[in-house]
Amino acid sequence: MIDITLIRKNPKIVEEALKKRNLDFPLDKLIEYDKLYRQKLKELEKNRHIKNELTLKFPKVNEEEKQKIAQEIKRIDEIINSLEKEVKELKENRDNLLYRIPNIPHESVPYGKGEEDNVTVREWGEKRVFKFKPLPHYILGEKFNIIDFNRGVKLAGSGFYALKNKGAALERALINFMIDTHVKKGYKEIFPPFLITTEGAFGTGHLPKFADDMYKTEKDDLWLLPTAELALVNFHADETLNYKDLPIYYVAYSACFRREAGRHVDLKGVLRVHQFNKVELVKITTPETSFEELEKLVNDAEEILRLLNIPYRVRLLCTGDLGFASAKTYDIEAWFPSQNKYIEVSSCSNCTDFQARRINLKFVGGGRKTPEYVHTLNGSGLAVGRTFAAILENYQEEDRIIIPEVLRPYTGFSEITLED
RNA sequence: GCCGGGAUUGCCUAGCCUGGUAAGGCGCAGGCUUGCUAAGCCUGUGGGGAUUUUCCCCGCGUGGGUUCAAAUCCCACUCCCGGCGCCA
């Protein structure tokens with residue numbers, strides 16, 4: 001969430017940020033609630049103070065006085081109780097609005113209405129020229145007997161698929177290859193729980209706004225991870241870190257579960273499903289280094305595609321396409337020859353102190369007098385299912401799929417043929 | 001799941017029996033002192049509010065209750081540790 005004092009002192013900044021995101025938000029209402037809240041709080045505290053003084057006086061006076069004080073306190077308690085109720089309600093009203101305000105876009109983020117206004121900042125790789133018409137990954141998956149869409153649907157319903165044979169092995173190899181590559185660059189590996197508390201989902205900003213996009217367990221008030229970001233960002237929730245331990249780099253594999261409620265199927269095959277694998281990167285940094293760290297994070301994610309030799313481009317998201325918790329986001333899009341277009345395989349964001357404030361994650365030291373909120377960053381490194389699909393498409397031959405060189409130590413085979 | 005022990009401020013710990021408004025150490029920050037990579041001493045340290053050199057409120061796992069007054073007594077819950085049971 002954003003800082004309430006910023007809204008008090010500089011509502012114009014927040015108003016402009018909302019406008020840049022093309023959001024219609026009742027900021028006036030929030031300010032009004034906050035004003036009332038503080039008014040009532042002041043009154044409440046005044047009464048509590050009176051009560052505290054009477055209580056302190058109590059043991060020092062005679063019996064008769066004691067009776068009088070006890071009665072007076074009873075009267076004040078009634079006032080306090082009713083004020084407490086009012087204050088609580090006003091704070092809830094204020095916070096319910098506050099929690100729905102997205103992060104403020106960084107000054108370097110271009111203004112735009114939606115996807116079409118995102119800016120390509122670089123392209124990498126040479127798009128292969130095919131001597132035959134390249135097939136889409138979902139045709140290849142069935143042709144080579146490595147993806148089973150029908151059985152996936154049978155097991156879990158629409159939006160699920162199963163991998164078979166060398167397809168299953170390739171998926172597993174990709175996960176290990178990605179994690180190893182990031183660990184070599186200094187990321188610490190975490191294997192997190194795949195479920196998270198309501199509090200945790202709230203901390204990253206996925207709740208309350210995106211409750212419909214997540215799976216929830218019925219009996220235990222737990223949510224299935226839509227991304228390992230929730231686990232990694234919440235890893236240090238409610239802690240105070242030391243300046244000298246920052247920045248912290250984490251990498252984690254997790255299955256990711258998304259309900260995709262009310263979304264039409266714009267991407268075929270394995271590209272938009274309810275469950276997919278992802279290797280996630282998270283950084284915890286000081287405020288002064290976070291944007292620099294974002295550039296490095298994007299580069300670390302890109303490195304996977306470079307090693308796999310898959311053409312890609314990097315897009316800087318405009319204000320209208322920016323995620324809720326993010327101040328600045330780069331998407332990395334891999335080349336899909338069958339569709340003649342780029343498709344997102346990673347999204348790397350700097351959430352500044354937006355999540356840190358929600359999860360109460362601070363640091364001390366480094367010349368700071370008081371604890372300060374850290375900055376949190378996250379990025380896919382990469383979405384495994386989509387990378388899998390990109391490999392099928394970019395490495396296809398008419399009678400086989402070639403396995404990229406760097407993956408062969410992980411797969412133990414160098415191609416997938418029709419006989420497999 | 002059952003029985004017992006526990007949870008105190010960034011961390012560690014005292015206070016709980018016997019109710020009176022959180023003591024100490026470490027860390028961190030600032031200051032002072034010193035002729036040498038050090039040490040010592042002093043001050044500050046969570047959240048919130050205001051008329052912001054100051055004052056006030058809240059805060060002892062969470063939520064209730066008793067009381068003029070709760071870290072302290074009572075009840076429920078959560079989590080941690082140990083024992084038993086179950087178990088990939």
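For clarity, every value in this text was computed on a predicted model and none was experimentally measured. So you know, we letter chains A, B, ... as the sequences are listed, proteins then strands, and number each from 1.
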Ring-ring centroid check A/F257 A/H274, cutoff 6.0 Å: no

Nearest-Å distance once atom C1' is located in both B/U78 and B/G63: 10 Å

A/E295 versus A/Y330, side-chain donor and acceptor atoms under 3.5 Å: yes

Interatomic distance at C1', B/G1 relative to B/G10, whole Å: 37 Å

A/Y161/A/Y138 aromatic ring centres below 6.0 Å: no

Distance in angstrom units between A/L54 CG and B/C68 C1', rounded: 9 Å

Separation of the P atoms in B/C68 and B/C56, to the nearest angstrom: 25 Å

Inter-nucleotide C1' distance (B/A23, B/A76), Å rounded: 31 Å

Partner of A/T227 by side-chain hydrogen bond (donor to acceptor under 3.5 Å, both in side chains), out of A/R258, A/K278, A/H206: A/K278

Any side-chain donor near an acceptor of the partner, A/Y111 and A/N22, under 3.5 Å: yes

Residue whose nearest RNA chain B nucleotide is more 5′ - A/P59 or A/A70: A/P59

Interatomic distance where CG belongs to A/L222 and P belongs to B/U78 [whole Å]: 13 Å

Length of the line joining A/N242:CG and B/C11:C1', which is rounded to integer Å: 11 Å

B/C73 to B/G20 separation - C1' atoms, rounded to the nearest Å: 14 Å

Distance between C1' atoms of B/C17 and B/C12 (Å, rounded): 24 Å

Atom-pair distance (CG on A/D245; C1' on B/G27), nearest Å: 12 Å

Between A/N52 and A/T55, a side-chain donor and acceptor under 3.5 Å: no

Whole-Å distance separating the CD1 atom of A/I69 from the P atom of B/G20: 18 Å

Ring-ring centroid check A/F202 A/Y99, cutoff 6.0 Å: yes

Rounded distance (Å) that lies between atom C1' of B/A69 and atom CG of A/L56: 9 Å

Spacing of the P atoms in B/G31 and B/C81 (rounded, Å): 44 Å

Sugar-phosphate, base or nothing in reach of A/I73, heavy atoms under 4.0 Å: sugar-phosphate

Consecutive-pair stems (3 or more, Watson-Crick or G-U, under 3.5 Å) for RNA chain B: B:1-7 with B:78-84, B:10-12 with B:24-26, B:27-32 with B:40-45, B:46-50 with B:54-58, B:61-65 with B:73-77

Among A/L232, A/V233, A/L225, side-chain contact (heavy atoms from CB on, under 4.5 Å) partner for A/E229: A/V233

Validation row, ring centre A/Y253 to ring centre A/H182 under 6.0 Å: no

Separation of atom CD in A/Q67 from atom P in B/U67, rounded to whole Å: 14 Å

Side-chain H-bond candidate by donor/acceptor type, A/N234 with A/R358, under 3.5 Å: no

Rounded distance in Å between the P positions of B/U72 and B/U67: 16 Å

Contact pattern, 5' to 3', of nucleotides 41-63 of chain B - B, S or - by protein heavy atom under 4.0 Å: ------SBSS-----BBS-----

